[in-house]
Amino acid sequence: MRMAFGERFDVQDGYLNTASIGVPPARVADALEAAVARWRQGLSKAPDYDESTAVARRGWARMVGVDPVNVAIGASVSQLVALVAAGIPDGTRILTVTNEFTSATFPFAAQAHRGVTVTEVPQAELVSRAPEFDLVVVGVVQSADGTVADLDGLRAAGTRVLLDATQSIGWLPADLSWADWVVGSSYKWLLGPRGAAWLAIRPDAVELTRPIVANWYSGESPWDTVYGLPLRSAGDARAFDLSPVWFAQVGAAASLTWFAELDVKAVHDHCVGLANRLRAGLDLPAGDSAIVAVDDGDALAAAGFRGALRAGRTRLSFHLYNTEDEVDRVLKALR
């Protein structure tokens, strides 16, 4: 057990794998346990989860910098990206970076039968090549190695942009409201359970987004759209909602409520500070990311550290529950 930013974590020492699975603070785990206890006693009612879903939607919207009415809920990044992939015109030319996380790119690649193309370029060429394409799809932070996208350059390029913020929201404060679409999940840096995700849609991008998972919950008043035609969609981004994964929304609401209480700059400085402490010890230049990819993962595993093998290297990710002592012991293990 350890305390971090005023909250208790039961995370084991040496856990440096938030970029795969975030470890919840006690309040999130407690909220989930309470929801499960009510379920197992037959005390739960479906409408009980509406408030958690709304709280999580508002919390995620705040972190992205958008109005909650422009945010749809879903269960995963790929499911939400598919709403965009289904809505873009035939022949759309998509630009992404080499080895982008496939939940962001596969939904577009699956539209090849409509003439949609997806082109990969090195990260360094993304901004300069953007004007040649109709849409840029890229992670704010790259999953494999933590590279941070040139957001200012992309914004100035003038091409439509879809950002996957899964690996950034929770440690990298940024106003992403300028992007046409922003997507993200709950279970990494936001420290919630898997099964909650969100898509922010700029009003002028709604016409390029398709409600291919239209369901009772995407109605203007969900409890009045449970049965019967015609289609009665909500008048805002809720028209693109997926019926919520209840327990995931409970956990996400608890986590995002806590994040709203934190000094986001302090969180950023802590996470990047730990990563840069590691970089300095490895004689690497300081960086702007909370993720560092290193070699010799076997030595780290033998010393009790848990990272993730990604793109042939061991990815280490530092969040608010990690410490300088852990960094120093990583350096010792690598020497």
Side-chain angles (χ1 to χ4, degrees), residues 19 64 66 70-72 74-169 174 176-185 188 197-214 237 239-240 242 293 310-312:
V64 175
V66 302
N70 296 324
V71 173
S76 69
V77 163
S78 59
Q79 173 256 315
L80 289 167
V81 172
L83 306 180
V84 182
I88 56 175
D90 293 357
T92 295
R93 301 162 301 166
I94 307 233
L95 181 68
T96 189
V97 297
T98 304
N99 290 329
E100 178 58 81
F101 196 80
T102 54
S103 288
T105 55
F106 273 12
F108 295 102
Q111 300 294 319
H113 63 286
R114 299 198 292 117
V116 174
T117 60
V118 183
T119 301
E120 294 180 306
V121 297
Q123 181 82 236
E125 298 178 15
L126 188 69
V127 171
S128 64
R129 297 287 304 278
E132 304 171 24
F133 293 82
D134 304 306
L135 172 63
V136 174
V137 176
V138 68
V140 176
V141 173
Q142 286 298 294
S143 171
D145 62 9
T147 299
V148 180
D150 180 358
L151 298 179
D152 290 339
L154 286 174
R155 184 174 188 176
T159 304
R160 285 194 181 273
V161 175
L162 184 153
L163 296 174
D164 179 359
T166 300
Q167 292 289 5
S168 65
I169 298 180
L176 305 178
S177 61
W178 58 271
D180 297 276
W181 299 274
V182 183
V183 67
S185 281
K188 297 179 186 286
W198 302 269
L199 176 70
I201 311 168
R202 280 181 59 90
D204 62 357
V206 169
E207 63 182 17
L208 297 175
T209 314
R210 292 288 178 269
I212 56 174
V213 293
F240 302 98
L242 185 71
R310 294 291 185 272

Within this structure, what is the [atom1]-[atom2] distance for the pair [X] and [Y], rounded to the nearest 0.5 Å?
{"X": "Arg202", "Y": "Asp204", "atom1": "CZ", "atom2": "CG", "result": "5.0 Å"}
{"X": "Leu126", "Y": "Thr96", "atom1": "CG", "atom2": "OG1", "result": "7.0 Å"}
{"X": "Glu100", "Y": "Leu95", "atom1": "CD", "atom2": "CG", "result": "11.0 Å"}
{"X": "Leu242", "Y": "Trp198", "atom1": "CG", "atom2": "CH2", "result": "13.0 Å"}
{"X": "Leu135", "Y": "Leu162", "atom1": "CG", "atom2": "CG", "result": "6.5 Å"}
{"X": "Leu154", "Y": "Leu163", "atom1": "CG", "atom2": "CG", "result": "7.0 Å"}

Heavy-atom distance under 4.5 Å between the side chains of [X] and [Y], does that happen here?
{"X": "Asp164", "Y": "Ser103", "answer": "no"}
{"X": "Thr98", "Y": "Gln123", "answer": "no"}
{"X": "Phe240", "Y": "Val213", "answer": "no"}
{"X": "Val97", "Y": "Glu120", "answer": "no"}
{"X": "Ile94", "Y": "Phe133", "answer": "no"}
{"X": "Leu83", "Y": "Leu199", "answer": "yes"}

Could you report the tightest heavy-atom contact between [X] and [Y], atom names first, then the distance?
{"X": "Ala179", "Y": "Val182", "answer": "CB-CG2, 3.8 Å"}
{"X": "Ile212", "Y": "Ala86", "answer": "CG2-CB, 3.9 Å"}
{"X": "Val116", "Y": "Pro89", "answer": "CG2-O, 4.1 Å"}
{"X": "Val136", "Y": "Ala130", "answer": "CG2-CB, 3.8 Å"}
{"X": "Ala85", "Y": "Pro107", "answer": "CB-O, 3.3 Å"}
{"X": "Ala237", "Y": "Asn70", "answer": "CB-C, 3.3 Å"}

query: Would the number of heavy atoms belonging to other residues, nucleotides or ligands and lying under 6.0 Å from CG of Asn99 be above 12?
result: no
Does a sphere of radius 6.0 Å around CG in Asp152 hold more than 12 heavy atoms from other residues, nucleotides or ligands, not counting ones at 6.0 Å or beyond?
no
Inset, instruction - Using the side-chain contact (heavy atoms from CB on, under 4.5 Å) rule, take Leu208 and Val84 through it: C-alpha gap first, then chi angles, then the decisive distance, then the call. - result: CA-CA 6 Å; Leu208 297 175; Val84 182; 5.9 Å; no
Run the side chain to side chain donor-acceptor pair (under 3.5 Å) check on Gln142 and Gln167 step by step: do they pass? CA-CA 7 Å; Gln142 286 298 294; Gln167 292 289 5; over 6 Å; no
Determine yes or no for a side-chain-to-main-chain donor-acceptor pair under 3.5 angstrom, with [X] supplying the side chain and [Y] the backbone.
{"X": "Asp134", "Y": "Arg93", "answer": "yes"}
{"X": "Arg114", "Y": "Ile88", "answer": "yes"}
{"X": "Ser168", "Y": "Val141", "answer": "no"}
{"X": "Glu125", "Y": "Val121", "answer": "no"}
{"X": "Thr166", "Y": "Ser185", "answer": "yes"}

side-chain hydrogen bond (donor to acceptor under 3.5 Å, both in side chains) filter on Thr209, not counting sequence neighbours, yields Trp181
With Leu176 as partner, the option from Leu151, Val161, Val66 fulfilling side-chain contact (heavy atoms from CB on, under 4.5 Å) is Leu151
